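Please read all numbers here as calculations on a predicted model, not as lab measurements.
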Amino acid sequence: MSSNQENQSVDNAAASAAEDNKLIAQRREKLAAIREKRNAFPNAFRRDSLAADLHAKFAEHSREELELQGHPVKVAGRLIRQRGPFSVIQDSSDQIQLYVNHKALPAEMMAEIKSLDLGDIVGVSGVMFRTGKGELTVNVEELQLLTKALRPLPDKWKGLSDTELRYRQRYVDLIANEESRRTFKLRSQIIACMRQYFEQHQFMEVETPMMQVIPGGATAKPFITHHNALDQTMYLRIAPELYLKRLVVGGFEKVFEINRNFRNEGLSTRHNPEFTMVEFYQAYADYHDLMNFTEDMMRHIAEQVLGNSVVTYQGLEIDFAQPFNRLSVRDAVLKHCDEVSEADLADRDSLKSAAEKFGIKVDDGWGSGRILMEIFDEKVEHHLLQPTFITEYPTEVSPLARRSDDNPEVTDRFELIIGGRELANGFSELNDAEDQAARFREQVEQKDAGDDEAMHYDADYINALEYGMPPTAGEGIGIDRLIMLFTDSASIKDVLLFPHMRPTAV
RNA sequence: GGGGCGUUAGCUCAGUGGUAGAGCAGUUGGCUUUUAACCAAUUGGUCGAUGGUUCGAAUCCAUCACGCCCCA
């Protein structure tokens, strides 16, 4: 920023001070006083320690040992608590206590320290010691204000609990709420662990277009945008699937992508318009291979990141060490829904009357596969708490999956259900270019008939398949839902740093 | 889209028709190896918005906005 602009913004700040509440006005006055004396925003302080490092390094040091050593440190962070001569600063790693002995420090420095507010960012030089109560503390020899905070922090004990403010002003949430910091650190670690797992298994990370001319790979309403120079309608992707499979055609036989998808749908505790998925494809593998891989990966993440194979989600203990259950849609319905007998599954009519017993309105266009899935969704899915692979999805509801060799009515597909919710979806891929072209044509007919979620015909994708895609299996895992599970979060908004919110009224 | 709940000081919350409250934060002073530090004094409000009912509305009614939960 040029000095001219800077002056202007400073003037604007002064002009708006009258509109601030008293707490902010007082802080602005303190800042103005500092500007009189020196550069109020110095950037020459260099710390040599993080709070967590100090706690780790001196964990075993007694009061006497520390006093003998007189170990000097430089730390920096946000001032988050003050109690008498003690303060606490918080950096990215942890918190560390400061001791300000007013008898030992020059009067001028004491005056500056006295005018500090909670939220200010300071740099401190001092010596490590341990208080009478045993708390590791920096005995302050020099303290410098590095950044004045103009806005007061939330309640020091309760933090920020207003959910709306936590989501809209995540920066305040992160300053004030340890739980929130923990969630997002875990999110980062889980994704890093997953990425590492893929790399260890010789998968190659790729990035495919997020702005697409033909949105494909799923049935969903896309967001529409426009490229000005090309005067072209473009869509934010609903899935990376068709591009990743083009790469398998090209000879990258194990690929994965961790990135955002965008779907133009409603919001809920489990849906955000943009969400993160990992999709991965492996040539010369089938859906059984992916189930084994997924089971292993989940167990690995739980053990590596949480240090425990048992995850507690909303009071429910989920054990990743146990072998995951595996059963077909059909067997799951029979096992978990006492009202349905084998005879009910015999044909469409018997399925229809079974579904209607549960208040499901059966559409004339639905085949027996669709009706079976409606019963599953309504009566079974929420019972599947421990990790469970559901297999043999009806062909009718699986337009992208390969038909089973044993039974053309079902596909080589699975979903992973944990805690009653779908977490992953995978299948052996359809690599028959002519079959795929026919399925696209069916989708286009549905689109022409008014279904705005139906797929486009992607001629280039057919072209790719015509070059030959090896037998391949692919899978998508909803990262946000996985993070919810591993961080015991009830809402997807709790695992998104900046969840989508309606604009506030002015 | 429908239903329920919520919105009061910077933050966390009381307050169901009669002078707008508490704790924390802030300010002033005391205390200086404390642990949500403590003691004393003190500042701080468009009660989400707009209408209505009433002598009188944070409180009752209607509409709207935003959020949370449940349902579609």
May I ask you to say what A:R27 touches in the nucleic acid, namely base, sugar-phosphate or nothing, with a heavy-atom cut-off under 4.0 Å?
-> nothing
More 5' along RNA chain B: A:L267 or A:K103, using each one's nearest nucleotide?
-> A:K103
Got a second to check how far A:R78's CZ is from A:D91's CG, nearest 0.5 Å?
-> 11.5 Å
So, is A:K493 near the phosphate of B:rC68, with a side-chain N or O under 4.0 Å from OP1 or OP2?
-> yes
Is the centre of the A:F440 ring less than 6.0 Å from the centre of the A:H456 ring?
-> no
P spacing across the pair B:rG45 / B:rA37, given as an integer number of angstrom | 27 Å
The nucleotide from B:rC68, B:rG10, B:rU33 with an atom nearest the side chain of A:N21 is B:rG10
Write down the distance between CD (A:E374) and P (B:rA72), rounded to a whole number of angstrom.
-> 11 Å
Selection from B:rU33, B:rC69, B:rU32 that lies nearest to any side-chain heavy atom of A:F86 | B:rU33
In the strands shown, is B:rU42 matched to any nucleotide by a Watson-Crick or G-U wobble pair with both distances under 3.5 Å, and which?
-> B:rG26
Separation of B:rU12 P from A:K158 NZ (nearest whole Å) | 10 Å
Whole-Å gap separating P (B:rA72) and CZ (A:R270) | 11 Å
When we call it a touch if two heavy atoms are under 4.0 Å apart, what does A:L160 touch: a base, just sugar-phosphate, or nothing?
-> sugar-phosphate
By the Watson-Crick or G-U definition, both distances under 3.5 Å, B:rA65 is matched with B:rU7
Ion pair A:R63/A:E67, N-O distance below 4.0 Å = no
Charged N to carboxylate O under 4.0 angstrom, A:D363 versus A:R370?
-> no
Residue-phosphate contact under 4.0 Å: A:R166 side-chain N/O, B:rG67 OP1/OP2 = no
Taking B:rU34, B:rC70, B:rC66 as options, the one with an atom nearest any side-chain atom of A:T269 is B:rC70
Are the side chain of A:R81 and the backbone of A:F86 linked by a donor-acceptor contact shorter than 3.5 Å?
-> no
Report yes if a side-chain nitrogen or oxygen of A:S161 is closer than 4.0 Å to either non-bridging phosphate oxygen (OP1 or OP2) of B:rU12; otherwise report no.
-> yes
Picking from B:rU34, B:rC11, B:rG67, the nucleotide nearest the side-chain atoms of A:K133 would be B:rU34
Report which part of the nucleic acid A:F129 touches: base, sugar-phosphate, or nothing (heavy-atom distance under 4.0 Å, all strands).
-> base
Measure all distances between protein nitrogen or oxygen atoms and nitrogen or oxygen atoms of nucleotides 37-40 of chain B, and list the pairs falling under 3.5 Å.
| residue | atom | partner | partner atom | Å |
| --- | --- | --- | --- | --- |
| B:rA37 | OP1 | A:K156 | NZ | 2.8 |
| B:rA37 | OP2 | A:R83 | NH1 | 2.3 |
| B:rA37 | N7 | A:G84 | N | 2.9 |

Going by modelled atom types, is there a donor-acceptor pair between the base of B:rG23 and the side chain of A:D155 at under 3.5 Å?
-> yes
Return no unless some side-chain N or O of A:R502 is found under 4.0 Å from OP1 or OP2 of B:rG67.
-> yes
Separation of B:rC71 P from A:H382 NE2 (nearest whole Å) | 11 Å
Should B:rC60 form a Watson-Crick or G-U wobble pair with both distances under 3.5 Å, which nucleotide is its partner?
-> B:rG52
Quickly work out the A:K361 NZ to B:rC71 P distance and round it to whole Å.
-> 16 Å
Are A:D488 and A:Q314 linked by a side-chain donor-acceptor pair shorter than 3.5 Å?
-> yes
Looking only at side-chain N and O atoms, does A:K114 come under 4.0 Å of OP1 or OP2 in B:rU27?
-> no
Counting N and O atoms only, with roles assigned by atom type, does the side chain of A:E141 sit under 3.5 Å from a partner on the main chain of A:G126, one being a donor and the other an acceptor?
-> no
For A:M484 and A:S491, which heavy atoms make the closest approach, and how far apart are they?
-> CE-C, 3.8 Å
Could one point to a donor on the side chain of A:T131 or the base of B:rU35 with an acceptor on the other under 3.5 Å away?
-> yes
For residues 173-190 of chain A, pull every pair meeting salt bridge (charged side-chain N to carboxylate O under 4.0 Å, His left out), keeping only residues two or more places apart or in separate chains.
-> A:R166-A:D173, A:R170-A:D173, A:E178-A:R181, A:E179-A:R182, A:R187-A:D480
Rounding to a whole Å, what distance do you find between A:L23:CG and B:rG10:P?
-> 7 Å
Just checking A:G266: base, sugar-phosphate only, or nothing, at a heavy-atom cut-off of under 4.0 Å?
-> nothing
In the structure shown, which nucleotide is the Watson-Crick or G-U wobble counterpart of B:rU16, with both distances under 3.5 Å?
-> none
Do A:Q97 side-chain and B:rU34 base share a donor-acceptor contact under 3.5 Å?
-> yes
So what's B:rA37 paired with, Watson-Crick or G-U wobble, going by both distances under 3.5 Å?
-> none
Listed partners of A:R83 passing side chain to side chain donor-acceptor pair (under 3.5 Å), at least two apart | A:Q97
Distance, C1' atom - from B:rG17 to B:rC47, rounded to whole angstrom | 15 Å
Of the nucleotides B:rU33, B:rG10, B:rG26, which one has an atom closest to the side chain of A:P152?
-> B:rG10
Interatomic distance, A:Q90 CD vs B:rU35 C1' [rounded to whole Å] = 16 Å
Between atom CD1 in A:I80 and atom P in B:rA25, what is the gap in whole Å?
-> 13 Å
Name the residue closer to the 5' end of RNA chain B, choosing between A:N101 and A:Q26 according to the nucleotide with the nearest heavy atom.
-> A:Q26
As its Watson-Crick or G-U partner within any shown strand, both distances under 3.5 Å, B:rG1 has B:rC71
